[in-house]
Amino acid sequence: MLKASIPSQPTPASSAAAIALVDEHSTHNYHPLPVVIAAASGAWVTDVEGKRYLDCLAGYSALNFGHGHPELVAAAHTQLERLTLTSRAFHHDQLGPFCAELAELAGMDMVLPMNTGAEGVESALKIARKWGYEVKGVPANEATIIVASGNFHGRTITIISFSDDPSARDGFGPYTPGFRTVPYGDAAAVAAAIDETTVAVLVEPIQGESGVIIPPADYLPALRQVCTEQQVLLVLDEIQSGLGRTGRTFAFEHESVRPDLLILGKALGGGIVPVSAVVGNRDVMGVLRPGEHGSTFGGNPMACAVGRAVVALLSTGEFQQRATELGAVLRAGLDKLVGQGVVAVRSRGLWAGVDIDPALATGREVCERLAQHGVLAKDTHGSTIRLAPPLVIDQADLEWAIDQLAAVLADLR
Ligand SMILES: *Cc1c(COP(=O)(O)O)cnc(C)c1O
């Protein structure tokens, strides 16, 4: 028998105590910076000791609208007191409006609501396979899906089966078959990999975890064309790139292509609840029938209410505009650091990958020093740091963050 009474843990009052407790009792599957956040508002967070930091990661873009956006918090509060969960065994009054509003935002007609990004990706893969068998006529169990090198689509066994990051993949086999990897940004390689078993091409319009890698401008249009010609679904994972981050509602708008399936997550839950979705048209989404896919929490009333508020925020274009304007400020500031410890900058909207001169420091070292300067950012792939502040950040704060990066690099030189 387990102990009947478990002594309650006080909320740690110091960073050291909080980190010690995590080290002892939380699995070590992350290597966080030694900052213990206790509260936040807008683009700023406060640690347990009262020190403030500017959040330049924004929950990997889950916090596009900042911490505690009043309209999102209000939507959550209202729904919290009305109805939180029904399961999909019954209808509830938020699901229909959420799906209709999100479909409208994406210019398509059907939505499959899920919770995490990885579930959204898994769901899109299932839809694509089923479509392949039922509509395209691929022989049973032979469907293939083409993916890109350097991809990040989540952490389930199937998804890591087509990752090429050894730390994401090694030790977790056997892997799910049915995927072919080709170089990212190379549409000819995709065309060459397609055969009669191919049901989908799955890519990120901009690779986030890989370091904000922006493909050539003709990449998505070429993928669209070959997918249309070969009767293959173009599936875009916009979990990180979507919902305002790049200066458009969706990154695919920069190249004026339209996907067959669009996967959303992260900011769709407003930083409050996990909400993901697959969006598509009836001819594809219609392959799912009752009992064939589901989720206890997918499309729950809280998720839908917050998701509706997110869609409402995006419907004015104000955040997309801010991402464009502040993105130009960010880019101009970062470009000035090239040669000052930065070897390359890639950005779109308010989203940048900054390659640090590996001779100077690792990305991790730069992020640790940035934190000491009051700026939170995240390294990726050794020497790259990623900047994705909330779209509500003040211009003066953004400029201050860039100054802090300049100061860190000057210290290192
Ligand atoms: C974060 C992310 C995912 C996975 O989302 P989770 O909510 O962590 O499962 C999938 N694809 C992309 C592009 C992401 O950035």
Side-chain angles (χ1 to χ4, degrees), residues 27 29-30 32 57-64 112-128 145 147-165 167-169 172 176 179 181 184-185 200-215 219-220 234-246 248-252 259 261-279 295 297-300 303 306-307 310 346 348-353 377-381 384 386-388 390:
T27 54
N29 56 326
Y30 279 90
L57 180 64
Y60 302 91
S61 289
L63 289 155
N64 278 0
L112 170 66
M114 299 295 289
N115 309 285
T116 66
E119 279 180 306
V121 173
E122 288 270 349
S123 304
L125 298 174
K126 286 175 74 175
I127 293 170
I145 292 174
V147 298
S149 57
N151 70 71
F152 181 84
H153 297 288
R155 300 292 194 168
T156 64
I157 293 218
T158 289
I159 292 172
I160 58 111
S161 294
F162 56 82
S163 167
D164 51 20
D165 175 355
S167 60
R169 190 183 145 89
F172 299 116
T176 305
F179 298 93
T181 306
Y184 186 61
V201 174
L202 166 68
V203 294
E204 299 152 84
I206 294 173
Q207 287 188 333
E209 298 305 305
S210 234
V212 190
I213 309 296
I214 301 169
Y219 180 56
L220 290 183
L234 178 60
V235 184
L236 295 183
D237 178 347
E238 291 238 25
I239 290 168
Q240 198 166 153
S241 59
L243 307 177
R245 175 56 58 192
T246 68
R248 303 283 166 86
T249 307
F250 306 108
F252 67 69
L261 292 174
L262 171 65
I263 311 165
L264 300 173
K266 294 203 166 104
L268 191 57
I272 299 178
V273 281
V275 186
S276 65
V278 183
V279 190
S295 158
F297 293 101
N300 71 72
V306 173
V310 166
R346 296 168 299 277
R348 179 143 302 162
L350 198 53
W351 196 22
K378 176 74 175 85
D379 57 296
T380 181
H381 293 272
T384 299
R386 188 171 14 169
L387 298 174

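Along the sequence shown, residues carry numbers from 1. In listed order, ligands and their atoms are each counted from 1.
Here the CD1 atom belonging to Ile239 is positioned 6.5 Å from the NZ atom belonging to Lys266, to the nearest 0.5 angstrom.
Ala118 N, 2.7 Å is the protein heavy atom nearest to atom 9 (O) of ligand 1. What sits closest to atom 7 (O) of ligand 1 on the protein, heavy atoms only, is Gly117 N, 2.8 Å.
Side chains of Val121 and Leu202 form a contact here, defined as non-hydrogen atoms less than 4.5 Å apart. Using a 4.5 Å cut-off on side-chain heavy atoms (C-beta onward), Phe297 and Val273 make no contact. Within the 4.5 Å cutoff, no side-chain heavy atoms of Ile263 are placed close to those of Met114. When side chains are defined from C-beta on, Gln240 does not count as touching Phe152, because their heavy atoms never get closer than 4.5 Å.
At under 3.5 Å, not a single nitrogen or oxygen of Glu119, backbone or side chain, sits near a nitrogen or oxygen of ligand 1.
Contacts of Lys266 with ligand 1, taken as heavy-atom pairs under 4.0 Å, involve the side chain alone.
Using cut-offs of 30° and 60° on the angle between ring planes, the pair Tyr184 and Tyr219 is perpendicular.
Under a 4.0 Å heavy-atom criterion, Tyr60 is not in contact with ligand 1.
For ligand 1, the atoms sitting less than 4.0 Å from at least one non-hydrogen atom of Phe152 are 1 (C), 2 (C), 3 (C), 11 (N), 12 (C), 13 (C), 14 (C), numbered in the order shown with element in parentheses.
Nearest-heavy-atom check against atom 10 (C) of ligand 1 across Glu122, Glu204, Glu209, His153 picks out His153. When Thr116, Leu264, Asp237 are checked for heavy-atom proximity to atom 11 (N) of ligand 1, Asp237 turns out nearest.
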